[in-house]
Protein chains: 2
Amino acid sequence: MTPNFKIDHANCADCPIRHRAVCAHCEVDELEELEGIKYYRSFEAGQTIIWSGDQMNFVGSVVSGIASLTQTMEDGRTQMVGLLLPSDFVGRPGRDSAPYDVLATTDLVMCCFRKKPFEELMNKTPHIAHRLLQMTLDELDAAREWMLVLGRKTAREKIASLLSIIARRDASVGPKTSTEPIVFDLPLTREAMADYLGLTLETVSRQISALKKDKVIELEGKRHVTIPDMGRLMDEAGDDSDGGFLV
Amino acid sequence: MTPNFKIDHANCADCPIRHRAVCAHCEVDELEELEGIKYYRSFEAGQTIIWSGDQMNFVGSVVSGIASLTQTMEDGRTQMVGLLLPSDFVGRPGRDSAPYDVLATTDLVMCCFRKKPFEELMNKTPHIAHRLLQMTLDELDAAREWMLVLGRKTAREKIASLLSIIARRDASVGPKTSTEPIVFDLPLTREAMADYLGLTLETVSRQISALKKDKVIELEGKRHVTIPDMGRLMDEAGDDSDGGFLV
DNA sequence: GTTTCCACTTGATCTCTGTCAAGGTGCCTT
DNA sequence: AAGGCACCTTGACAGAGATCAAGTGGAAAC
C-alpha cells in the first residue's frame, strides 16, 4: 500500500495538492500556481460527468461521493472499469479525450484543475510527473486485480471481493484490528454492483441474500452492511491471505 | 494510437532507447548511460521470468517473442492480466516487487536495464518519466478495454476480440487497407488463450471451430490464421466501429 | 392515508459455458 | 518405423448464472 500517493482530502478540506503531509516536496510557488487554477464542481447522482470521446479539459480528484468509469457496447451491455472513491485522481495528463464515460454514482464533489496549466506545472516540476506515474501504476494494479475477479471468480466470490474493497477503503480510516466488525453503507445500487462485477442485478441480489443467510454479512435495510469477521469475508472472496488490494 | 511511445525494436536491432525515430529527445549522454546498463536475457517458452512477489531489479522491453502477466489463485485458477508483445515495456519504476508472475509464453528475448541506474537516469531526465507515464496510461487503457471483454462478452466475442488484437498488432507493420486479408501465426496455445479470456480451453477450441465454420477466419494447421475480412471479425468482436485498441 | 414509484427480492425456466471423457494430429525421439 | 507426448478437437452432460416474470417494501408525493 502506498497511501501517500493518493490525494488525501480527509486531512485537507480545502485543496488536495497543498496538503504538506501528502506532498512533502511541494514548494510554495507551486502551491500558489495550483491555487490559481483549481475549482470545485458538484454533480448529482446519476449525472454524466464526461462522455466517452469528449474533450477533457481538466484533471482533478474526488472530494466526496463516488464516480465510476463505464464502457458501454452498442447493444447496451455495460461494464464499469473503475470505481473512483474520495481521494482518487481523475484525468489523463497528456491525453485529450476520455476513453470511457465518467458517471456520478452518488452525489459528488470534485476538485478540478484546468488541464493546460496543470500540465505546464507538471513539466516544470518532475516530482509531480513521478507521483502521477506511481498513481497510474496503482490504478493499473487495481485494474489487473479486477481482471482476475471478472475472468475467474464465481458470483459469490465477486460479491465478496467487492464488499472487501469497499470495507477496506472504509477501514483505512476506521478500525484496524481484524477482529473488530466493520460497518458501512453500500454506496452502490445493485445494478451498479452488477455492472462492476459483470453480473446481472438479480444475481447480485441473490448472492447478497446468500451471504446474509450464511452470516458472512449482516444487512440492515438494503444498504447498511456489517462485516462481523473480515477474515471470513476475505476467504469468501478467494484472495490469498491479505490480498494486497490497491483500489 | 501513440506508437511513438512504444519502444520499437523493428528498426533498431541493437538498443531500443537509442533509436532516434522513437525517442527524438534523447541526448547523446543519456544514450551512453543507458548503453552502459543494458543487457539481454533469453528465455525458453514456458519459463517463468519473475514470480509474483519477487524482487524485480530490472526494467526492460520485449525484443522478440511473447510474455504474459499472470495471476493465480490458491486453487489453481489462473487469469492472464497482460500480454506483452515485442516493443512492450516490462517493469515498474519505483516499485520493488512484482505483483504477478511474468511468463515466457514463447521463446523470448528481452532487453533489460538494471533498475537502479535506470531510475536515476529517469530522475535526471524528465521526458523519460513523461514517456513512462504515457506508456502506463496505454497499458491502463488496454487493461480496462479487457475488463469489458472479460465481464460482458460472450465466448465467441472474446475469441474474436483476441484475434482482432493480435491481427491489429501484426497489421501495424503489414497491410493497411481493411479489404486486404490479414495472415498471421497464433502465438498462443489454446490454454493460454483460455487464460487470457477467462474461458476453458475446450470452449476456446469450440469457438475457434465455429468461427472457422462460419468463414470468419480460415485455419491452416492449428496456428496459421487468415482473416479474409477484418471488418467482419470486428463485428463479431462486438466493438463499436474502429475500436481503438491500444494493447 | 393512500398512491405511486423505485430499488430490491424471489421464483421458474432456459442457455451458455464448464466439466469429464474419449479420441485425433503432428512432431520429436529412439 | 514405432512410440510417446504435447496440443488440440469433439461429444455428452451438468450446473452457474441469465432471462423472464411476479411480488415486496419503504419513502416520497398527493
Side-chain angles (χ1 to χ4, degrees), chain A residues 44-46 66 73 75-79 105-107 149-163 185-214 217-225 236 238, chain B residues 44-47 66 73 75-79 104-107 149-163 185-214 217-225 236 238:
Chain A
E44 284 173 25
I66 299 213
M73 293 171 70
D75 60 8
R77 283 177 281 177
T78 69
Q79 175 66 49
T105 297
T106 63
D107 288 347
V149 173
L150 291 173
R152 291 303 186 193
K153 291 194 179 178
T154 64
R156 172 183 262 243
E157 289 169 336
K158 285 178 174 181
I159 298 288
S161 297
L162 178 56
L163 293 176
D185 282 298
L186 265 180
L188 302 174
T189 64
R190 301 290 187 262
E191 186 178 22
M193 293 175 72
D195 283 345
Y196 198 31
L197 295 166
L199 298 171
T200 59
L201 72 90
E202 293 95 332
T203 299
V204 169
S205 184
R206 273 187 253 272
Q207 295 300 333
I208 288 179
S209 297
L211 288 174
K212 181 180 160 191
K213 204 186 67 180
D214 297 345
I217 62 174
E218 290 157 24
L219 263 188
E220 197 174 336
K222 292 155 194 313
R223 300 290 193 92
H224 192 77
V225 179
E236 292 285 355
Chain B
E44 285 174 26
Q47 245 186 306
I66 299 214
M73 294 172 68
D75 60 9
R77 281 177 283 177
T78 69
Q79 176 66 50
T105 297
T106 65
D107 288 346
V149 172
L150 291 174
R152 291 301 184 193
K153 290 194 180 179
T154 65
R156 172 183 263 244
E157 289 169 337
K158 285 179 175 182
I159 299 287
S161 297
L162 179 55
L163 292 175
D185 283 297
L186 265 179
L188 302 173
T189 64
R190 301 291 188 263
E191 185 179 22
M193 294 175 71
D195 284 344
Y196 198 30
L197 295 166
L199 298 169
T200 60
L201 73 89
E202 293 94 330
T203 298
V204 169
S205 185
R206 272 187 256 271
Q207 295 299 332
I208 288 180
S209 297
L211 288 174
K212 182 180 160 191
K213 203 185 68 179
D214 297 343
I217 63 174
E218 289 157 27
L219 263 186
E220 198 173 336
K222 293 156 195 312
R223 299 289 192 94
H224 193 77
V225 179
E236 292 284 354

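Chain naming here is simple, since letters A, B, ... match the order of the sequence lines and numbering starts at 1 in each.
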Could you pick out which residue, Q207(B) or R190(A), lies toward the 5' side of DNA chain C when each is mapped onto its nearest nucleotide? R190(A)
What are the two closest non-hydrogen atoms of A160(A) and L211(A), and how far apart are they? N-CD1, 4.4 Å
Answer yes or no: are there more than 12 heavy-atom neighbours, outside E202(B) itself, under 6.0 Å from its atom CD? yes
Looking across every strand, which nucleic acid part, if any, lies under 4.0 Å from S209(B) by heavy atom: base, sugar-phosphate, or nothing? sugar-phosphate
Name the nucleic acid region contacted by S205(A), choosing base, sugar-phosphate or nothing; use a 4.0 angstrom heavy-atom cut-off, strictly under. base
5' to 3' contact window, DNA chain C with chain B (heavy-atom distance under 4.0 Å): dT17(C) to dC20(C)
Heavy atoms only: give me the nearest V204(B)-R190(B) pair and the separation to one decimal. CG1-CD, 3.9 Å
Would you classify G46(B) as touching base, sugar-phosphate or nothing, given that sugar-phosphate means primed atoms plus P, OP1 and OP2, and contacts are heavy atoms under 4.0 Å? nothing
Students often get this wrong, so: under 4.0 angstrom with heavy atoms, is R223(A) touching a base, only sugar-phosphate, or nothing? sugar-phosphate
Close side-chain approach of I217(B) and I208(B), heavy atoms under 4.5 Å: yes
Of R206(B) and L199(A), whose nearest nucleotide on DNA chain D comes first from the 5' end? R206(B)
At a 4.0 Å cut-off to heavy atoms of chain A, the contacted part of DNA chain D spans dG17(D) to dC20(D)
Indicate the atoms forming the closest heavy-atom contact of T105(B) with A45(B), along with that distance. O-CB, 3.9 Å
Contact class for R77(B) vs. all strands (heavy atom < 4.0 Å): base, sugar-phosphate, or nothing? nothing
Any heavy-atom pair between the side chains of E157(B) and R77(A) that's under 4.5 Å? yes
Bending between helix ends of the helix from dG1(C)-dC30(D) to dT30(C)-dA1(D) [5 pairs per end, 10° resolution]: 30°
Step by step, would you call I159(A) with T203(A) a side chain to side chain contact (heavy atoms under 4.5 Å, CB included)? CA-CA 10 Å; I159(A) 298 288; T203(A) 299; over 6 Å; no
Going by heavy atoms in the side chains, are V225(A) and L219(A) under 4.5 Å from each other? yes
